[in-house]
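The block underneath contains the structure these notes are about, expressed in C-alpha cells.
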Amino acid sequence: MRERTDLVELASEVTKVKRSGRSVMAVCPFHQEKTPSLSIDPARGLYHCFGCGKSGDVFRWVQELHGLDFHDAVEMLARRAGIALTEAPGAEQRRGRREELIRAVEAAVAFYHERLKSGKDAGPARSYLRGRGYDADVVDRFLLGYSPAGWDALTRYLEKAGFGTKTLTTAGLSTTTSKGRLIDRFRGRAMFPIYDLRGDAVGFGARQLEGEPPKYLNSPETPVYHKSRLLYGLNWAKSDIVRRGEAVVVEGYTDVIAFHLAGMPVAVATCGTALGDEHFDLLRRFTERVILAFDADEAGAGAALRGFERSVPGDLDLRVAALPEGRDPADLVDAGELEALAKALSNSVPLLQFRLEQELGGFDLSEAEARGRAVKAAAKVVARHPDSLARHEYAVMLSRRTGVELDLIEAAVAREVRAGRDSAVRSEQRAPRRVPGEVKAERDLLRLLLANDPGVRRLDLVPDLFTDPDYREAFELIAPVVADLSPDATPDLGSVISGDDSPVAALLAELALTDDHKPAPALELVNRIEIGAIERRIEARRREQAGVDPEDRAYSDRLTGEIQALEKQRRRLRSQE
Ligand SMILES: [Zn+2]
C-alpha cells in the first residue's frame, strides 16, 4: 500500500508543494512557516521537515495530520488506494510471537547468569559486583549475569537451542554487521535483566566493565521492550510501593538494588531514557506519591528536573529527596549510611519547592536588585504549575522567603503564565538536531550506508563503532537491510520505519533526505571514528595513571606501555588518512 500511495500527491492536498529536479519541497503543515522546509523523497516515500524535525513515511504522515493511530492510518490509506484489507494478522499469532521473544530473553538471562557464576572469563564482572557489595544472594535474586567478550557466544548457544535469526535480532539479543554477520549485542558487560510488570524478562541493561563506552548499553526497542513504558524494579517493588504509599525513582539499576539491600524495596529506575509521562502513568497505578532520589549534585539535579517543568503532573505528589552532595543511593548503602538514605526520603520536599530553592540559591537576597531578579526567575518556575491554587501557595511562600510584597509576586507569576502560553507554541517547533564534531563521522557513515555506497559495501561495520546511542540504534535497524542489497539498489527505508514514531525512525528519515555536503569516503570516516575511540582510551589511561600510588611502579609502567601501544595504533590509522 505504501507503494500505491504517492506521498507528494498526499502532501499537495493539504499544502503548497514545489518540485525542483529530483527533490520536492513543501510548506510544512506541522508548523507555521512561509518558505518550504519540508523535504520529500518521492521514490522512498519519506518526508522530513528541517524546520520542526517531523519526519516519517506515508503512514506517519496520515497519523500525524489526522491524529490517528497506526491501524486507522492503514485503513484510511487502504480505502484511498481502493485496497480491501484482508483480516489483520490475528491476535493469536501476535501472542505466540511475544511468547517466543520472552522465551529467548529468558534463555539469555539464564545463559548470562550461569556464565557469571562459573565462567573463567567472568572475573572482572564478579569483582565489579562484589565491589558493589553484592553477595551470591543478590546475584541470584536479581539474576545478574555476565555477557562474554567474544563475538557470538550467546548467539551460537541460542541457535543451538533452536531459536531462529529473526527471533534473536527482534529480541535485541543479537545484531548484524553491515555484511549480515550475526553477532552478540552485549559483549564483556555485567548484565541486569529487565522485567516487565508481569515479571517476564524483556531486555537488559548492560554495564561496561573494561571495554568501550557507553557505560550502560540497553536493549533496543522491541515488540516486548518499550523503554518509555518500562521501569526497572517495578515488578519487585509494586506491592511494597502500595504498602508504603510511595515510590522512589532513582537513576540506575544499582540504585534500585541498593534500596532493596537497605530494606526499602520501593525503588525503580528508567531503562536508558528520561522519566516521561508514560512512566508516571505506570506509577500512578500503585501510588500518588513519587519521590525522585537523584544525586544532589547541583548540575545533575537541575538537568534531571528541568524536564518536568513544562508539565508537572498535577495529580501526583511529585517530590525530591535531596541526597548528600555528589552521592547516589548506591554509594550511601555501600558505605553503610542507611540512615542518611532514610532521612533523605523522609525529608523530601515537593518538586516545585525544591526547584524554587534551587533558583533562589543563586541570588543574594539581602540586595534589593538581586531580590528583583530572584523573584523573576522564581516566578518562571511557579508559572509552570498547572494549578492556580498551587501557584498562589507558592507565591505566598516566595513572598515570605524574599520579603517582596505578595501582590508584586502574583503579578510576576501571572506575566510568566501568559508568556509561557505563547512560548509553548513556539517550543513545539524543535530545532533540527545539532551534531557535535566528533559524531559527524558517525552521521556521515550512516548516510553512506543509506545510499548503499560502494565504499561501505566493502567494509564489515559493527554497531560498536557508533558511540552515539541513537546512531547505534539506527545502524542496527538498517544493517540487516543493507546486507542483502544488490549494488545498485537503495534500502527500502519505508519498510524499516513504517508507522514508527521513535526518534530513531525520525533520525533515519532525516539522514536519508539530508543533502548538505558530500560525506568523506567510508574508510576515512571509519578511521576517524576509530582514532576518536583510541584517543578516549589514551585519555582514560592517563587519568588512571595520574591517580596511581607513586610506589606502585609496576602498575604505572603497565599503563605507560598501554598508552604507547595505543599511540602507535593511532599513528598507523592517521597514516591511512
Ligand atoms: Zn515543520
Side-chain angles (χ1 to χ4, degrees), residues 2 5-70 72-74 76-77 80 221 228 273-274 276-277 307 310-311 419-436 439-440 443-444 446-447 450-451 468 470-471 473-474 477-478 493-517:
R2 201 174 39 243
T5 308
D6 182 353
L7 183 55
V8 176
E9 197 187 304
L10 208 57
S12 61
E13 287 170 9
V14 290
T15 186
K16 224 187 299 168
V17 173
K18 258 170 57 185
R19 286 173 189 269
S20 61
R22 206 178 60 89
S23 78
V24 178
M25 296 299 288
V27 173
C28 177
F30 306 115
H31 82 274
Q32 289 288 330
E33 65 171 7
K34 290 205 181 75
T35 50
S37 48
L38 183 99
S39 170
I40 298 176
D41 181 339
R44 286 177 158 174
L46 294 174
Y47 66 92
H48 175 77
C49 174
F50 290 92
C52 68
K54 292 244 162 63
S55 60
D57 62 351
V58 283
F59 297 115
R60 192 72 217 142
W61 176 276
V62 173
Q63 279 177 264
E64 197 81 56
L65 203 63
H66 304 287
L68 302 176
D69 67 12
F70 181 62
D72 290 340
V74 172
M76 182 180 155
L77 287 173
R80 222 185 105 95
E221 286 290 305
S228 61
T273 183
D277 290 343
R310 274 214 289 154
S311 57
R421 263 185 220 126
D422 298 342
S423 78
V425 179
R426 262 175 282 129
S427 63
E428 289 274 287
Q429 299 164 16
R430 185 176 66 91
R433 187 187 175 86
R434 291 181 62 104
V435 183
V439 184
K440 254 211 181 90
R443 178 185 169 89
D444 281 351
L446 278 176
R447 280 181 57 197
L450 287 169
D468 181 296
D470 284 349
Y471 288 177
E473 213 172 304
L477 269 179
I478 53 169
L493 209 49
S495 70
V496 178
I497 66 172
S498 194
D500 191 339
D501 64 346
S502 71
V504 174
L507 175 64
L508 279 173
E510 177 189 340
L511 288 176
L513 296 178
T514 297
D515 200 15
D516 52 357
H517 67 277

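Whatever order the structure lists them in is the order used to number ligands and atoms, beginning at 1. Every value quoted in this text rests on a predicted model; they were computed, and no experiment measured them.
The 12-atom threshold is not exceeded at CG of Asp515, counting heavy atoms of other residues, nucleotides or ligands nearer than 6.0 Å.
Here 4 is the count of protein N, O or S atoms positioned under 2.8 Å from the Zn ion (ligand 1), waters not counted.
Shown here for Phe50 and Ser39, the closest heavy-atom pair between the two residues is CE1-CB, 3.8 Å.
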Derivation and outcome, side chain to side chain contact (heavy atoms under 4.5 Å, CB included), residues His66 and Asp72: CA-CA 10 Å; His66 304 287; Asp72 290 340; over 6 Å; no
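Residues passing the salt bridge (charged side-chain N to carboxylate O under 4.0 Å, His left out) test with Glu33: none are found, sequence neighbours excluded.
Taking 4.5 Å as the limit, some side-chain heavy atom of Leu507 sits within range of a side-chain heavy atom of Tyr471.
The only option from Asp57, Leu77, Val74 that meets the side chain to side chain contact (heavy atoms under 4.5 Å, CB included) definition with Val62 turns out to be Leu77.
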